[in-house]
Chemist: 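Submitted below is the structure of interest, expressed as C-alpha cells.
Residue numbers begin at 1 in each chain, while the letters A, B, ... track the order of the sequences. Since the structure is predicted, the reported quantities are computational estimates derived from the model, not experimental observations.
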Number of protein chains: 2
Amino acid sequence: MAGRQGTDSGAGDKVSSGAKRAGLDFPRPLTTVDVVIFTIRLEALQVLLLRRGHGEGEPFPDALALPGGFVDVARDADLEACARRKLAEKTGVVSPYLEQLGSWGSATRDPRGWSATHAYFALIPASAAETALAPDAQWFALEGAGVKPKLAFDHAEILQAAVQRLRNKVEYTSLPAYLMADEFTLPELQRTYEIVLDRPLEKSAFRTRMLSADLIEPINKQRKGPNRPAQLYRLKTAAAPVYFARTFNAPE
Amino acid sequence: MAGRQGTDSGAGDKVSSGAKRAGLDFPRPLTTVDVVIFTIRLEALQVLLLRRGHGEGEPFPDALALPGGFVDVARDADLEACARRKLAEKTGVVSPYLEQLGSWGSATRDPRGWSATHAYFALIPASAAETALAPDAQWFALEGAGVKPKLAFDHAEILQAAVQRLRNKVEYTSLPAYLMADEFTLPELQRTYEIVLDRPLEKSAFRTRMLSADLIEPINKQRKGPNRPAQLYRLKTAAAPVYFARTFNAPE
DNA sequence: TAAGTAAGTTGGACAGTACAACTAAGCATG
DNA sequence: CATGCTTAGTTGTACTGTCCAACTTACTTA
C-alpha cells in the first residue's frame, strides 16, 4: 500500500491529528550510513574500524565498529555526501573510489529501535591510509580470523559482504588500481590483485590484460630496486574502472 | 529542520533528558522500500508500475511510480521482508528472484522531506505476471522511449539503474532463468536472454554455455510446434544463480 | 514428394588465459 | 670482473570457450 499521507509537513513533521498515515506520523526507522574503508598495508587487505565510546545509551560500548553514523538531514544533501563526509572525518581522504554496497535494516540490528543503514565501501591508496587518521580509528588486517572479534551491530555481516563484493569485482575489473599510489609498477599492481584475491595470478596473462586495457600508461621513470628496474605506470583516467570480459580463471 | 518524534515508539528509544544524540532526538528521514519488478511479456522486458492516487498531501498525484511505500516498523521484520510484502501485495507472487539494488536518499527526492528508499529488483515468470495483479498496477514495456513518461520521485533513475544492473548481470549469470516458466526450451531461454540484452546471441555458444553449466536438466518431454520439436528443460536447483566466467562477447 | 522453418550439431577461426621456459637488468659476492 | 641470485619482462605452445557458418534433423504444409 503506497501510504497516503495526512496533511503534513515538508520538513517539519507535525503529526496531523488523528490521521494514521504510515511514514509521516508513524514511527520512522533510524537512518545511518556506514563506510567500509579498505586499503593495502603490510602486504594485507586492511579495514578501518573504530573503537566505540561508552556514553550513556550508547549501544555496543567499547566494541569495534565501521565508521558511520546517523544521517544529518541538515548537513547531508544525499546519502553519498553523507558517506563522503564520514570518510573524510575519519581519514582526511578526499575522493577515492566510493561505491554503494547495500543497505541493512531490521527491527533488531540496533537495540535503540528499527534502524536501517546504508553501507558504502571505499578504496584508498596505502599512501593516504596514514594521514589525518582519526584518533579512535585503526586499521585491521582481515586475514584468517583477524578481524573476527565481534563488531558492533551487524557490522561483521556488512564487512563480510564488502569483502565478498570487492573480491568478486576484482576478478573482472580494475578496482585494485584505486589502491595504488600515483605511480606504480605492473608487478606491484599484480601483487595488489593477488593480495585481494588471496591467490597467485599468472604474470603474462595479467600483463596482457592490463596493458591491452585502456587503463594505465607508462611514465618516463623506473622503480629501482635490488634487481632489474621496473617500468612505472600511472592511471590514464582518474575516472571509471575498467570492466574485463572475463574473470582471471575459473571462479570455482 | 524540526520534527523530532515526541516520546515514541519503535523498540523503545527513550530520549534521555537533555542528551542531544543525533538520530534519536534529531529528525529522522522517511524510510521507504521500492521494488522494480521485471517480467517478459509480448517479447519485451516489462516493468510493473502503479498509478498514484491524488489524496491530500500526496506528492506526484496521478503519476506512475514503482511499487513501494513506507517501512512499517510494526509489521516488517527487516528490509527484505518489507520488499517481499510489497511484491506480494502487488502481484500475488510469492518467492521469485529478489535482489537488493541499492538505496537512494536525499533531502529533495520527496517533497515531504529528507527521505531514503531501499530499492529491490525482482524477476518473475511471465506465467505469474498476470495472476492477482493489483488493480492500480500495470505492466509497461521499456523499449525505446516507452516508459520515459516521468515517474514519481526519482523512480526513473532507480528504474534505469535496475535495467542497467539486470543487463549487466545477464551478461554473465543465469538470471534470465528466473523469468522462465517451469518448463522451457533452450531456444526460449536464449530468446529471453536476447530480449533482455537487446541483441542476438550465437546459438551454439549459448547452448554450450547453458548445457555445460550445472543449471538445467532435460525432462522427458518436448515442445511441439510447426517445426522440429524442442527438448524441454527445467531448472536443476531453484537455488542460486550461476555465474559464468565470461560475458557473451566483448561488452563494448 | 518437395519446400520451408526451426532445432540442434559440427568444425574451423580466433581471442585470451594457463603454463613454462626463456631473456634482460640490476645487485652482491668472490 | 666473472658468477650467481633475484626480479622484470618476453616468448611460445596448449587449452578453453566464443565466433561464425555450414550442415543435419524433424516436423508441417502445399
Chemist: Between atom CD in Glu188(A) and atom C1' in dG9(D), what is the gap in whole Å?
Modeler: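 The answer, rounded to whole Å, is 15 Å.
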Chemist: If I take atom CZ in residue Arg207(A) and atom C1' in nucleotide dA18(C), what distance separates them, rounded to the nearest angstrom?
Modeler: 17 Å
Chemist: Once you round it to whole Å, what is the distance between P of dT7(D) and CD of Glu194(A)?
Modeler: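 For the pair Glu194(A) CD and dT7(D) P, the rounded distance is 13 Å.
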Chemist: Within the distance-only criterion (no hydrogens, no angle test), does the side chain of His155(A) pair as donor or acceptor with the backbone N or O of Ala65(A) below 3.5 angstrom?
Modeler: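 It does not hold such a pair.
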Chemist: Could you pick out which residue, Phe206(A) or Tyr233(B), lies toward the 5' side of DNA chain C when each is mapped onto its nearest nucleotide?
Modeler: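 Between the two, 5'-proximity favours Tyr233(B).
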Chemist: Do Arg234(B) and Ile216(B) have side chains that approach each other closer than 4.5 Å (heavy atoms only, starting at C-beta)?
Modeler: no
Chemist: Kindly assign one of parallel, tilted or perpendicular to the pair His118(B) and His118(A), based on the angle between their ring planes and the thresholds 30° and 60°.
Modeler: parallel
Chemist: Looking only at side-chain atoms of Ala230(A), point me to the closest of dT18(D), dA8(D), dG8(C).
Modeler: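 The answer is dA8(D).
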Chemist: Provide, to the nearest angstrom, the distance between the CZ atom belonging to Phe244(B) and the P atom belonging to dT18(D).
Modeler: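 One finds 9 Å between P of dT18(D) and CZ of Phe244(B), rounded.
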Chemist: For Phe244(A), is the NZ or CZ atom of Arg209(A) found under 6.0 angstrom from the centre of its six-membered ring and inside 45 degrees of the ring axis?
Modeler: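 Flagged: Arg209(A) positioned over aromatic ring of Phe244(A).
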Chemist: Using whole Å, what does the distance between atom C1' of nucleotide dG8(C) and atom CD of Gln190(B) come to?
Modeler: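 These atoms are roughly 11 Å apart.
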Chemist: For Gln160(A), does the CD atom sit with more than 12 other heavy atoms under 6.0 Å from it, leaving out its own atoms?
Modeler: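 Open.
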Chemist: Got a sec: does the NZ of Lys236(B) have more than 12 other heavy atoms crowding it under 6.0 Å?
Modeler: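 Result for NZ/Lys236(B): enclosed.
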Chemist: Over how many whole Å does the gap from Met210(A) atom CE to dG16(C) atom P extend?
Modeler: 14 Å
Chemist: Which parts of nucleotides 20-30 of chain D does protein reach within less than 4.0 Å, heavy atoms only, written one letter per nucleotide 5' to 3' as B for base, S for sugar-phosphate only and - for none?
Modeler: BB---BBBS--
Chemist: Find the distance Leu201(A):CG to dG16(C):P and express it as a whole number of Å.
Modeler: 18 Å
Chemist: Tell me: OH of Tyr172(B) to P of dG17(D), nearest whole Å?
Modeler: 19 Å
Chemist: Would you mind telling me which of dT17(C), dT9(C), dT18(D) lies closest to the side-chain atoms of Arg246(A)?
Modeler: dT17(C)
Chemist: Counting only heavy atoms not in Gln164(A) (residues, nucleotides, ligands), do more than 12 fall under 6.0 Å from its CD?
Modeler: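 No, not enclosed.
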